[in-house]
Amino acid sequence: MNAERENLFKHWLKTHKGLVFRVVRAYADSLEDQDDLFQEILLQLWSSIKNYEGHAKETTWIYRVALNTALLWRRTETRKRKKHRALLSACQATIAPQGDNEAIYEPHILEQLYQAIRQLSVVDSSVIVMHLEGVAYDEMAEVLGMSKSHVGVRLNRAKRRLATFMKGLAHDV
Amino acid sequence: MTYNQLQEAWQSQPDRLVLTLDADLLLKEVQRNSRRFELDVLKRDKGEVISCILLALFFAYVSFSLDAWMFWFMVPCCIYFSLFIAINRKMQKGKQGKPSESLDSCIHASLVQLEHQMWLVDHLIVLFLLPLGSGFIAVFSSMLWQIARDGCTVPWVWAFLVGCILFIIGVLIAIYYANQKWFKEELVPRRQELLDLLGSIRSTPE
């Protein structure tokens with residue numbers, strides 16, 4: 001049973017690591033905070049595995065755990081409580097070389113996007129993050145515990161606010 | 001840049017950013033942290049209860065072996081605290097939210113736990129300070145009564161015992177004000193944050 005849990009956890013890490021990293025970056029600014037939040041999300045994911053029966057989609061489950069953890073995460077409490085070594089340092093991120101036909105996106109645009117997301121309200125930021133990820137409305141509704149129409153209204157409002165924060169970069173929302 | 005272009009840039013992150021992670025290493029770290037956290041919680045829960053029981057036994061032993069009957073006052077005090085801590089923790093354990101539930105349920109569970117903490121601080125005097133204070137003050141008051149009965153006229157003995165009583169009262173007052181400060185600066189704002197978050201999810205924006 002433990003081996004199954006471990007294998008599932010490792011599978012989630014390998015397959016959905018990008019999702020977790022992007023949620024961490026959307027909710028934590030400094031490297032120290034990102035490490036704290038990353039650690040917290042992994043802990044919660046590990047604890048939640050015993051309740052995962054496979055009925056929900058893996059991404060729905062992981063989004064729910066990651067976003068709930070991020071939304072309820074408190075910086076000072078986590079740091080006081082944990083004595084851990086930096087987990088993010090266990091992961092090495094490298095930028096792959098760009099292909100010839102790839103559109104060029106300046107890294108600062110993504111960084112501005114992350115900063116703009118951090119300025120949104122916590123619920124709006126979770127809606128925007130999932131929409132940017134390409135998550136369907138019904139899955140977003142399931143993760144957040146809202147109706148689909150509520151998600152739609154929230155998303156439109158969040159896009160308008162995002163455009164304001166992006167200040168001219170996103171002018172068509 | 002349009003929103004759709006922002007979305008493309010966002011979704012291109014996994015393609016351009018190659019993340020190398022050692023899943024086995026991460027799993028070991030997570031398991032280690034999980035075990036440490038569970039151990040900390042166990043130490044806290046069981047440790048406090050066992051400490052109170054041991055203190056009760058200690059005071060009972062001191063009272064009996066040294067014929068110092070005044071220390072018996074501390075025995076019910078310690079037993080009360082051990083029972084209170086054990087029952088309170090047991091009742092709160094089942095109410096913790098799971099992050100795999102909906103956001104609404106998670107926030108609601110956090111709010112319930114926070115409101116319980118606020119209730120404990122609100123009733124601090126009755127639940128903690130009076131029982132604790134009564135025990136200590138009874139011990140030192142009975143010592144005063146004992147020395148008065150024995151006709152002790154050494155001034156520093158009287159001053160010491162009265163000083164102890166005043167010190168205990170001072171500590172209890174300090175504990176009370178420290179908790180009130182924590183209540184106003186931490187618990188009340190946190191409660192408002194959670195209520196706002198809950199309201200934000202439940203209301204349909206304009």
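Hydrogens, waters and symmetry mates play no part in the numbers below; they use all other heavy atoms, side chains included.
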Original post:
Would you say A:I128 and B:Y3 make side-chain contact, with heavy atoms under 4.5 Å?
Top reply: yes

**OP:** Please state whether the side chain, the backbone, both or neither of A:L113 comes within less than 4.5 Å of a heavy atom of chain B.
**Re:** side chain

**OP:** Starting at CZ of A:R22, measure out to CD of B:Q11 and round the result to the nearest 0.5 Å.
**Re:** 8.0 Å

Subject >> B:L6 and A:M166, any side-chain heavy atoms less than 4.5 Å apart >> reply: yes

**OP:** Might you point out which heavy atoms bring B:S110 and A:L72 nearest each other, and give the distance in Å?
**Re:** OG-CD1, 3.8 Å

**OP:** Please state whether the side chain, the backbone, both or neither of A:H131 comes within less than 4.5 Å of a heavy atom of chain B.
**Re:** both

Subject >> Backbone N/O of A:L144 and side chain of B:D104: donor-acceptor pair under 3.5 Å >> reply: no

Subject >> Greatest number of heavy atom pairs closer than 4.5 Å to chain B - which of A:L132, A:V65, A:V123 >> reply: A:L132

**OP:** Give a yes or no on this: more than 12 heavy atoms of other residues, nucleotides or ligands lie within 6.0 Å of atom NE2 of A:H16.
**Re:** yes

Original post:
Hey, are the side chains of B:I107 and A:N68 touching, using non-hydrogen atoms and a 4.5 Å cut-off?
Top reply: no

**OP:** Could you tell me which portion of A:Y63 (side chain, backbone, both or neither) has an atom closer than 4.5 angstrom to a non-hydrogen atom of chain B?
**Re:** neither

Original post:
What part of A:I117 is in contact with chain B, defined as an atom under 4.5 angstrom from a non-hydrogen atom: side chain, backbone, both or neither?
Top reply: side chain

Original post:
Any chance CZ of A:F9 has more than 12 other-residue heavy atoms, nucleotides or ligands included, within less than 6.0 Å?
Top reply: yes

Original post:
Which distance, rounded to the nearest 0.5 Å, do you find between the OG of B:S105 and the CZ of A:R64?
Top reply: 8.0 Å

